[in-house]
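Read through the structure below, which is laid out as structure tokens, and then see the notes.
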Amino acid sequence: MQQINSAKLYAGIWTGMHLLLCPAKLVGNTGLQNRHQFDLLVKDFEAFISLSTRYGGRLMGDIQEEGGIKKVGLYIGSES
């Protein structure tokens, strides 16, 4: 994590790509919802959900299972 003024930027390697996440305010984005959406396929669903919620993520609805694949919306952001 890096900090510019009061904004926190998160950087790392994700599936071999360099990824940088920054607050919308920092780049002048005024959108209120759905700024970025990703579909992720993970090896350990329960561990992913556990870590995500431990660090501030919130489930959007109930976990569903279809054809042996579990899925759920996950909100990760600074707004309440």
Side-chain angles (χ1 to χ4, degrees):
M1 181 190 71
Q2 295 179 327
Q3 192 153 344
I4 297 178
N5 297 325
S6 63
K8 294 179 182 176
L9 286 79
Y10 298 89
I13 305 294
W14 184 38
T15 65
M17 298 181 293
H18 292 274
L19 181 66
L20 174 66
L21 301 175
C22 67
K25 287 181 183 180
L26 185 65
V27 293
N29 183 335
T30 58
L32 299 177
Q33 294 180 350
N34 300 326
R35 293 186 195 120
H36 303 287
Q37 295 181 9
F38 301 96
D39 290 328
L40 302 174
L41 181 61
V42 296
K43 290 182 180 181
D44 189 335
F45 182 83
E46 283 76 15
F48 179 78
I49 295 300
S50 176
L51 285 170
S52 298
T53 55
R54 182 183 312 160
Y55 291 101
R58 295 192 314 265
L59 298 182
M60 298 168 56
D62 297 327
I63 295 172
Q64 300 174 17
E65 187 167 353
E66 184 178 323
I69 296 176
K70 293 180 182 179
K71 59 185 177 179
V72 68
L74 181 67
Y75 176 78
I76 301 173
S78 59
E79 293 86 15
S80 334

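- In this structure, Leu74 and Gly57 approach most closely via the heavy-atom pair CD1-C, 4.1 Å.
- Tracing side-chain contacts under 4.5 Å through hydrophobic residues (I, L, V, M, F, W, Y), one never reaches Leu51 starting from Ile63; they form parts of separate clusters.
- Crowding of Glu65 atom CD: a count of heavy atoms from other residues, nucleotides or ligands under 6.0 Å exceeding 12.
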Please tabulate, for side-chain N and O atoms in residues 41-49, each donor-acceptor pair with protein atoms closer than 3.5 Å (sequence neighbours left out).
{"residue": "Asp44", "atom": "OD1", "partner": "Glu46", "partner atom": "N", "Å": "3.4"}
{"residue": "Asp44", "atom": "OD1", "partner": "Ala47", "partner atom": "N", "Å": "3.0"}
{"residue": "Glu46", "atom": "OE2", "partner": "Lys70", "partner atom": "NZ", "Å": "2.3"}

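- Applying the side chain to side chain contact (heavy atoms under 4.5 Å, CB included) criterion to Leu20, with sequence neighbours excluded, gives Leu9, Ala11.
- Counting heavy atoms from C-beta outward, Leu19 and Ile13 have side chains that stay 4.5 Å or more apart.
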